[in-house]
A.B. asks: 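Let me give you the structure first, and then I'll get to my questions.
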Amino acid sequence: MKKAMLFAVVSLAPLMGAPAWSAEAEDEAERTKTVEELVVTGDISFRNRVEGPEPVLSYDLEYFQRFEPLTAGDALKRVPSVAFLSDVLESDGARLRGLDPGYTQILINGERVPGAGVDRSFFVDRIPAELIERVEVVRSSSANRSGDAVAGALNIVLRDGYSLDGGYVRAGGIMLDDKRVKGTAGGVYSGQVGPGRLLVGANVQGRRNPKLKESFRYGQPGGALNDIELQTDTRDGTDYSLNASYDLKGETSTLKLSGFFVRTNRYEDEDSIEYAGGRVGPADLLTLNDNNVKIRTDNWSLGARYDQQMLGGVTRFKVAYAELKDRQDEIEEEYEYLRDTRPFPEDDRFTGDLTFTRLKDRELSGEISHKRDLGAVKLDLGVQYVGKDRDTDITTDRNRVTIPNPPAARPTLPGDYGPFLPEPGGLNTIEETRIDPYVMLSGRMDTISWEAGVRWENTETTIEDATAPAASRKVENDYDFILPSAHLRWNLTPSDRINISGSRTVRRPNFDYLSPATLLAEYGDNDFIGNPDLKPESAWGVDVGYERRLGRQGVAGVNVFYRDIKNLIEVASDGQVGSEGPGTFVLRPRNTGDGQVWGIELDLSTPLTAFGLEHTGVFFNYSWLDSDVDDEFGSRRFNDQAKYVVNVGFIHDLPEWGAAFGATYRKQGDAFGRTVGEEVTTKYGADLEVFVEKRFGDRFVVRLTGSNLLDGKKREAFNKFTTIEDQIDRNFDEYELEAEQAGPVFQLVARATF
């Protein structure tokens, strides 16, 4: 039945491209802007005021562009409630409302895209900012989109043929704290080609992130200092991107073809020196470690969307194909000292690990839907299909050699690596099939607009792991959910309105939580094995917001949200003794108990015209975030949820000089996470960014931006335990304080239109 439905979708829409998703009421011709309006502008852009009942915050690229963000992740750092738990200067796994990235749905043009993470998340720093038309924060789910959005969704809308008219080129350079310079270049063109509109864009972006790290390890909090580790961590690479779209309008039909390709080449070099006894000197040298990773990640998508007036309304056919390929070659080599009485320069043991990771994730999706008026209401119904194939191949080999003291002959190091064998859980295939029908009704009457619908999600998952015992090598997990949703927008006055939304959403289990492979000593000295019988988490949620228009361009809003999450997945002991002996356990993920998430979100975006400063715009958003969940150690917040996120900034335009300047300040609250064997508290320093721009006529602009001007620092405190009993009794295996820091980044970019 499912294969037949897929065949119908593909047969009806055999064209490939990446479908766009936007407010259907928006006239695409009206949103087409000249490149001068988008690139060389003296106007300040503010948050869009979105019509329709859904609680959506929309930010055009012009809102971010003057600060020259490198990636979609850099842009998202300026919108409400988005936190990151990344290294300094990194913005990869977006955490909407502070929750784990697996709770946040990442969409590209309204479509899900495969990511490398086992939690199905997609790293938003894979998308260059140059591809973006706008970013949408979708606070509550609707029936016509996938329901795996417990925290909400972030929709990154790429430019299409109606985004702009004309072209521009961009070139510049980025200077890092280590005085290295990385170049950037790109261009976009959009215009009428034949009967339709074509957009093509390309971008090459150099990236580099040099950081310094230090770790201090103690036997327990307040105890004696056991050792010190000093580390340099440099990530160097280049991103290549290409996007294109072609839009064709007929009298009764429209066709959209588009696609994008992003390649990330990256080299990560970590060098560590560890000293024993809390002293730094040759006699105390404990280890020398060199860890290098060569990464190449390709993301691309192709698809098509065809709309035809028929059957009293509009019928839509969509098909898309998205693929992720991730290759990582990692080598870690370590020399150990002080294993005998001879200190440096006599090394005592060498350990080398060479690991190859190959991941390929493919998703084929399709949709047939129909919209039509039924008098007082509008009907929208359809069926969506997603077929995922994911192949993981992780192989590794270790060379460990005891080095005799002179005058004995020194062995050849590192020696030959191989044979390479799969890591436990590292050789598997995953197949997932989803067929999700939905139906929605919407309407408008005087001051109220509303939408209500229901979605039925059906999922079949098969995981086969070659490293698991033969009897449990293949596992299957099938489930379905009914997901209702409803939204209401009430316009109290032309300037004031209230939004009320409610929906049910799901979070599917991590792939590694379903895998039958056994991982020895994965959590401290405790073993870990997946649970094929896990059920997805489900959540009932509500959002209530108030929004007020301020003058012609400004907008201010407040939103209160709540999520009640059922069947939480937590890792716990199954009572069996672990491979390390008495006191250790075999851990399994299981559905246990409920959790609640809540918070308040404030945002303001307005010119200061009322104060006589019509050329000054201010931006502010603050999100207070909280939650509660019980694990086997007691009550806590959801793991790694920041307590708050705040962004504040301004832009001031100097029209008589053809110039502008501005600044933004960002701060993220502390986060705490607890798993079996480890507890970590994370603290981030503040981030300050500034820009200065000079415009030359209406076709050329130069911008200088500075970011991380406060020398951003990330501090982590790790409580480490060997067994569950030790964690309950607070008998520490180790207490570690780690800090990393990066310096300022300066970027000089010129843009010229044609």
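Just so you know, residue 1 is the first one in the sequence shown, and it goes up from there.
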A.B. asks: Roughly how far apart are T396 OG1 and Y417 OH, rounded to 0.5 Å?
C.D. replies: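 It comes to 9.0 Å.
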
A.B. asks: Cut-off 3.5 Å, side chains only: do E464 and T429 have a donor facing an acceptor?
C.D. replies: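 Side chains of E464 and T429: no pair found under 3.5 Å.
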
A.B. asks: Do R400 and T351 pair up side chain to side chain, a donor and an acceptor below 3.5 Å, judged on atom types alone?
C.D. replies: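 Yes.
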
A.B. asks: When you check the side-chain N and O atoms of T461 and N477, is any donor under 3.5 Å from an acceptor?
C.D. replies: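 No pair is found: no donor N or O on one side chain lies under 3.5 Å from an acceptor on the other.
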
A.B. asks: Strictly by modelled atom types, are E537 and Y103 linked by a side-chain donor-acceptor pair under 3.5 Å?
C.D. replies: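 Side chains of E537 and Y103: pair found under 3.5 Å.
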
A.B. asks: Consider ring-ring contact (aromatic ring centres under 6.0 Å, His included). Of F260, Y321, Y240, which one does W300 pass it with?
C.D. replies: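 So, applying the ring-ring contact (aromatic ring centres under 6.0 Å, His included) to W300 and each of F260, Y321, Y240, only Y321 qualifies.
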
A.B. asks: I'd like to know if K213 and D233 make a salt bridge, using a cut-off of under 4.0 Å between side-chain N and carboxylate O.
C.D. replies: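 Answer for the salt bridge query: yes.
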
A.B. asks: Do T184 and R170 have side-chain atoms, one donor and one acceptor, less than 3.5 Å apart?
C.D. replies: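 Indeed, the side chains of T184 and R170 share at least one donor-acceptor pair under 3.5 Å.
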
A.B. asks: Is the closest side-chain donor-acceptor distance between E274 and T287 under 3.5 Å?
C.D. replies: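 Yes, a side-chain donor-acceptor pair sits under 3.5 Å.
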
A.B. asks: Among D326, D393, D329, which residue meets the salt bridge (charged side-chain N to carboxylate O under 4.0 Å, His left out) test with R358?
C.D. replies: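 Result for salt bridge (charged side-chain N to carboxylate O under 4.0 Å, His left out) with R358: D329.
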
A.B. asks: Any donor-acceptor pair under 3.5 Å linking the side-chain atoms of S272 with those of Q231?
C.D. replies: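 Looking only at side-chain atoms, S272 and Q231 do form a donor-acceptor pair, the distance falling under 3.5 Å.
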
A.B. asks: Name the residue from T355, T297, L359, T357 that meets the side-chain contact (heavy atoms from CB on, under 4.5 Å) definition with Q328.
C.D. replies: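 Between Q328 and the candidates, side-chain contact (heavy atoms from CB on, under 4.5 Å) is satisfied uniquely by T357.
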
A.B. asks: Whether R508 and E460 form a salt bridge (side-chain N of Lys/Arg under 4.0 Å from carboxylate O of Asp/Glu) is what I want to check.
C.D. replies: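 Not counted as a salt bridge, because no side-chain N and carboxylate O are separated by less than 4.0 Å.
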
A.B. asks: Salt bridge or not for D239 and R126, using N-O below 4.0 Å?
C.D. replies: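 Judged by the 4.0 Å cut-off on N to carboxylate O distance, D239 and R126 do not form a salt bridge.
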
A.B. asks: Quickly, which of R208, K211, E270 forms a side-chain contact (heavy atoms from CB on, under 4.5 Å) with T234? Name it, please.
C.D. replies: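 Result for side-chain contact (heavy atoms from CB on, under 4.5 Å) with T234: R208.
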
A.B. asks: Establish, from distance only, whether the side-chain atoms of N265 and T238 form a donor-acceptor pair under 3.5 Å.
C.D. replies: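 T238 and N265 do not have a side-chain donor-acceptor pair below 3.5 Å.
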
A.B. asks: Will you find, in the side chains of N292 and E330, an N or O donor that is under 3.5 Å from an N or O acceptor?
C.D. replies: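 Judged by distance alone, the side chains do not pair up.
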
A.B. asks: Could K714 and D87 be called an ion pair, given the rule that one side-chain N must be under 4.0 Å from one carboxylate O?
C.D. replies: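 Yes.
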
A.B. asks: Check each of K325, K360, R362 against D391 using the salt bridge (charged side-chain N to carboxylate O under 4.0 Å, His left out) test, and report the only one that passes.
C.D. replies: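 Single pass found, and it is R362.
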
